[in-house]
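Here is the naming used below: chain letters follow the sequence lines, and residue numbers restart at 1 for every chain. Computation of the quantities below employed the complete heavy-atom set of this structure, encompassing side-chain atoms and omitting hydrogens, waters and symmetry-equivalent molecules.
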Protein chains: 2
Amino acid sequence: MENDEGPARGDITIEAVLAALDHPLRLRVVRALAATREMTCQEILPEVTKSTASHHWKVLREAGVVEQRREGRYLYLRLRRDDLDSRFPGVVDAVVLG
Amino acid sequence: MENDEGPARGDITIEAVLAALDHPLRLRVVRALAATREMTCQEILPEVTKSTASHHWKVLREAGVVEQRREGRYLYLRLRRDDLDSRFPGVVDAVVLG
DNA sequence: GTAACAGTTCGATTCAAGTCGTACAATCGG
DNA sequence: CCGATTGTACGACTTGAATCGAACTGTTAC
């Protein structure tokens, strides 16, 4: 199936990344993922409903900020740090170090 | 009077910067200011009304992205590149080159 | 002084984004 | 197979940001 893994490295735009990061919950997701290698969805945003969380995964995925790996019924999220650092050096660090 | 020049370097937050940059017009302002030293307000956004433009200056100013210098009745805007580069290295470059 | 100009502020409107609930698809466990 | 669980898709509601017009302040020019 569609490894719907978002844009290729070269197609990541700064506009989409900025829009994706301009939200407190998504910012928390990125910071959490920067600290851990991988995380399942519900580990990160326990306070919102599934549909809301899913919406935020989608925004982050389509912006090229995260990628996902499916294992059974669980979904593991990972920060696309190499791609982001290669395309927009310093941006992830700025967000993580805050 | 009120040199209402926005936050001091150390008080600039990445959240406010991201929010300020997450808008097509403000992004254009930053890119234009990065290319030129200074610009008057209307040089940058001729297509919107004064009140709309003023709103965007305010967002950029309060986020610490730009500073302004008054000369008579004209307002000159300048990108706070040193402050931003010092606090969040790479972010301005990502936006400008992006 | 007065008229013109630059920018801010306020209120009202419009519109996109976030949120949730429900229904659905897919997977695992019995 | 059947029920429980994980995540998605869709529609509806709500909230906040963007936009504009009008009124106001301050400055320049005559």
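- Salt bridge A:R69/A:E38: present, at least one basic N to carboxylate O contact under 4.0 Å.
- A:H55 has its NE2 atom 12 Å from the P atom of D:dA9, to the nearest Å.
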Are any protein N/O atoms closer than 3.5 Å to N/O atoms in nucleotides 11-14 of chain C? If there are, list each pair with its distance.
none

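- Between C:dT19, C:dC20, D:dT8, one nucleotide has an atom nearer to the side chain of A:H56 than all others, and that is C:dT19.
- In this structure, A:W57 places its CH2 atom 12 Å from P of C:dT19, rounding to the nearest Å.
- Put simply, CG on B:L75 is 19 Å from P on D:dT25, counting in whole angstrom units.
- The minimum heavy-atom distance linking A:A34 with A:V96 is given by the pair CB-CG2, 3.5 Å.
- A 4.5 Å side-chain heavy-atom check between B:R9 and B:S86 finds at least one atom pair inside the cut-off.
- With D:dA9, C:dT8, C:dC20 as the candidates, the nucleotide lying closest to the side chain of B:R61 is C:dT8.
- Across all non-hydrogen atoms, the minimal contact from A:G64 to A:I12 is O-CD1, 3.7 Å.
- Of all nucleotides listed (D:dT8, D:dG21, C:dT9), C:dT9 comes nearest to the side chain of B:S54.
- Contacts of A:L27 classified as side chain to side chain contact (heavy atoms under 4.5 Å, CB included), with partners at least two apart in sequence or in another chain: A:L21, A:R31, A:V95, B:E15, B:L18.
- Taking all atoms of both residues into account, the shortest heavy-atom contact from A:A94 to B:V91 is CB-CG2, 3.6 Å.
- A:K50 places its NZ atom 12 Å from the C1' atom of D:dA9, with the value rounded to the nearest Å.
- Residue pairs meeting the ring-ring contact (aromatic ring centres under 6.0 Å, His included) criterion with at least one partner in residues 46-84 of chain A, sequence neighbours excluded, are A:H23-A:H56.
- With 3.5 Å as the limit, one finds no donor-acceptor pair spanning the side chains of B:S51 and B:S54.
- What you find for B:R26 and B:L60 is that their closest heavy atoms are CD-CG, 3.9 Å.
- Of the residues in residues 13-36 of chain B, B:H23, B:L25, B:R26 come within less than 4.0 Å of DNA chain D through at least one heavy atom, sorted by number.
- At a cut-off of 3.5 Å, with distance as the only test, no side-chain donor of B:Q68 or B:R78 sits close to an acceptor on the other residue.
- B:A32 and B:I44 make their closest contact through CB-CG2, 4.3 Å (heavy atoms, listed as atom of the first residue, atom of the second, distance).
- When each of B:A53 and A:S51 is assigned the nucleotide of DNA chain C with its nearest heavy atom, B:A53 is the one assigned upstream, toward the 5' end.
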With 3.5 Å as the limit, what N/O pairs link the protein to nucleotides 26-30 of chain C?
none

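- For DNA chain D, the neighbouring residues in residues 38-48 of chain B, judged by any heavy atom under 4.0 Å, are B:V48.
- A salt bridge between B:R80 and B:D85 is absent, with no side-chain N of the basic residue lying under 4.0 Å from a carboxylate O of the acidic one.
- In this structure, CG of A:L77 is placed 11 Å from C1' of D:dG7, rounded to the nearest angstrom.
- Taking the side chain of A:K58 as heavy atoms from C-beta on, and the options C:dG21, D:dT8, D:dA9, the nearest nucleotide is D:dA9.
- For the pair B:L45 and B:R28, the minimum side-chain heavy-atom distance is below 4.5 Å.
- At whole-Å resolution of the value, CZ in B:R69 and C1' in C:dA6 are 15 Å apart.
- The two residues A:L79 and A:V65 make their nearest non-hydrogen contact at CD1-O, 3.4 Å.
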